Amino acid sequence: MFSFSEIKKSLLISLWFMFLTFPIMVIRVNTIYKTIEWRWDRMIMVGVGSFFLSFLWRFFIGKKETGKKKTDTGEVQQLTWIQRLTENKKIYLPSLVAISVFVVLFPFVFSMYQTNIMTTALIYVVVGLGLNIVVGLAGLLDLGYVAFYAVGAYTYALLNQHFGLGFWTVLPLGAAMGFMFGVILGFPVLRLRGDYLAIVTLGFGEIIRLILENWNAFSSGPSGIANIPRPGLFGLHLSLHQNIIYMYFIMIGLAIFTIFIVGRLQDSRLGRAWIALREDEVACQAMGIDKTRTKLSAFALGATWAGMGGVMFAAKTTFINPASFTIWESIIILCVVVIGGMGSVLGVICGAMVLILLPEYLRAFSEYRMLLFGAILVIMMVFRPEGIISNVRKTYKFEGLKDNNKDNS
Amino acid sequence: MEPILEVKELTKDFGGLRALDRIDLKVHRGQIVALIGPNGAGKTTFFNCITGIYQPTKGEMLISPGGKEKKSLNGLKPNHVTKSGLARTFQNIRLFQNMTVLENVMIGRHCRMHAGIPGAVFRNPATMREEKQVVEDSYRLLEKIGLEQYVNEYAKNLPYGAQRRLEIARAMATEPFMLLLDEPAAGMNVKETKELDDLIVQICHQEKISILLIEHDMKLVMSLSDLIYVVDYGKKIAEGTPEEIKNNPDVIKAYLGEEVDA
């Protein structure tokens, strides 16, 4: 491990880091006295730090590689720890109970601020699970997903502004609008795949945003729509605090509903067709699967959840404008799916929690927040490229002709 | 008796290149028909035209599974061709790698199932019955093909010969009246080829599925086929029984080149 070449490598790395960080770490311009301070001591710190960290980095990379080799040579497919966890009823049930208790007590134990960001994270869970259908299951890379999110949000805002419709009326309408737009935008892009599809969907996402930004008469442009009411509860008057708790529980309900429906869709004739489509499009079609319908259904069903998430987003923030629906938002949702683990429901939930909650809790590190966030993402992708929880897809298992139920693999 | 597949003057141009030139072909019920020819002769193009992956430039393709009314395949999409009873395998294996063997076969059953989105969400009795039935049917099929020991394995982990057989199983799951096999023995060893030979005969005789196959393994072709078509440079140069083809001077010329007079 501590051979000469290793030390040389680390030395090179530390030199490189010293060079890279030189302008920001060493030079400091004192604007009052108009002088330059040279903080050479910092350079030494960077050098020593990166020297030792590079050893640590290589140690973990090496560990990961030997681990991979072991699973490659072993004939039997190793279960991941999470699969073993869900297999074992003794651990699974109590942990489920513990999580439910935690979820119910959360808004009463923690502050309003905490509840609020948890609600945001839950919106991303719902939207992420929707995108998971499109990207994770059907394998269609959609970079304009936020368009459907915007459709949902503006459906609520506009219907409320013009017709005074309430949250509960618009929630299914928002879902329906999402579905409809999914079909409309889905049709022209169905012939494309891979990179081309990504670029075209990116374009569609921007088109929707630009329409909202420039069509003043329709969407009041960049100034957005304000005073969107929060969800109502049988006409009761709720204080802000109560309302935040109420929205939290709505989101919990919606998230459970989403998990339930997406789980069932994934585990059906249609879900199998989606996965087959991801695996091999030509073979899929040759096996009698209607490519157009399957792709369109994935696109539209994915968009449905974005529509619902959008309605909830509008109700939560009470103000929307096109700036909330930029490409950055699409990327975040895509990150939720990819980092969580493509195609796995549990993975997407974890991904949303990590990606949305982490920047909030990193606020303690103030200006280093985004730096740390970026570093965590890079480390995650190096060590777990398949996502936090990967491939816990239910596979069909055959267990004799008499009782052939599906089971977790 | 009417042929179950009749191809009339099938022509396919790729730009200026005529890949298929007025090919006629007939397959009757219960026959095993082979399509042979040197590399690049247009055999796979022919398959792709029949199965709807390519649209032919000219020509007609008719099927009559019941032996009565004829149905044209022209302009049908691949999934509709499969639905009307023609299933195919691929020259380079195209399994769904990250799905289990059982799931691969279940995908083949897809076009004979009916459950839609509401069925998936509500899991009504009809859907559940269908799902149960498909698992059972798929397993029975795997038993027939002799892959039942791999039922819960991922397709990518199967040995090569088994992958080829799984492709045939998947195609058979679509309930075809005719199978189109594109080089099923490619890359197989002698033992595996022998097993494949038996399997094809079994499919043809027990399951009453007619077979059209492309193959380079002459021993296999000669022992299996009732009828052989030979194509070269997109043209049909011969048709006949294995005996006739063996002695046909045009075929020998296409495969071995022309004899040069000294």
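Naming convention: chains lettered A, B, ... in sequence-line order (proteins, then strands); numbering from 1 in each chain. If you're wondering where the values come from, they're calculated on a predicted model, not measured in any experiment.
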(message) What part of B/T174 gets within 4.5 angstrom of chain A, counting heavy atoms only: side chain, backbone, both, or neither?
(response)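 The side chain, not the backbone.
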(message) Which atoms of B/L86 are under 4.5 Å from chain A, going by heavy atoms: the side chain, the backbone, both sets, or neither?
(response)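 No part of B/L86 comes within 4.5 Å of chain A.
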(message) If you count heavy-atom pairs within less than 4.5 Å of chain B, which of A/L265, A/D290, A/T292, A/L301 leads?
(response)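 Sorted descending by pairs with chain B, the first entry is A/D290.
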(request) For chain B, find which of A/V282, A/I261, A/L270 contributes the most heavy-atom pairs closer than 4.5 angstrom. (result)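 Highest number of pairs under 4.5 Å: A/V282.
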Taking [options] one by one, which has the highest count of heavy-atom pairs under 4.5 Å against chain A?
options: B/R170, B/K83, B/Q97; answer: B/R170
options: B/T89, B/L95, B/T82, B/I53; answer: B/T82
options: B/V81, B/V121, B/V101, B/T51; answer: B/V121

(message) Taking atom NZ as the centre, does B/K26 end up with more than 12 heavy-atom neighbours from other residues, nucleotides or ligands that are less than 6.0 angstrom away?
(response)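 Not more than 12 within 6.0 Å, no.
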(request) Name the region of A/V262, side chain, backbone, both or neither, that has any atom closer than 4.5 Å to a heavy atom of chain B. (result)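 Neither part; nothing is under 4.5 Å.
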(message) Less than 4.5 Å to any heavy atom of chain B: does that hold for the side chain of A/I289, its backbone, both, or neither?
(response)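 For A/I289, the contact with chain B is made by backbone and side chain together.
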Can you find a heavy atom in the side chain of [X] that is under 4.5 Å from one in the side chain of [Y]?
X: A/R278; Y: A/I275; value: yes
X: B/R88; Y: B/N48; value: yes
X: B/E131; Y: A/R269; value: yes
X: A/M287; Y: B/H110; value: no

(request) Before accepting this row, confirm whether a basic side-chain N of the pair A/R272/B/E103 lies closer than 4.0 Å to the acidic partner's carboxylate O. (result)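 Salt bridge between A/R272 and B/E103, a charged N being under 4.0 Å from a carboxylate O: no.
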(request) May I ask you to decide if A/T294's main-chain N or O and A/W274's side chain share a donor-acceptor pair within less than 3.5 Å? (result)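 Checked: pair present.
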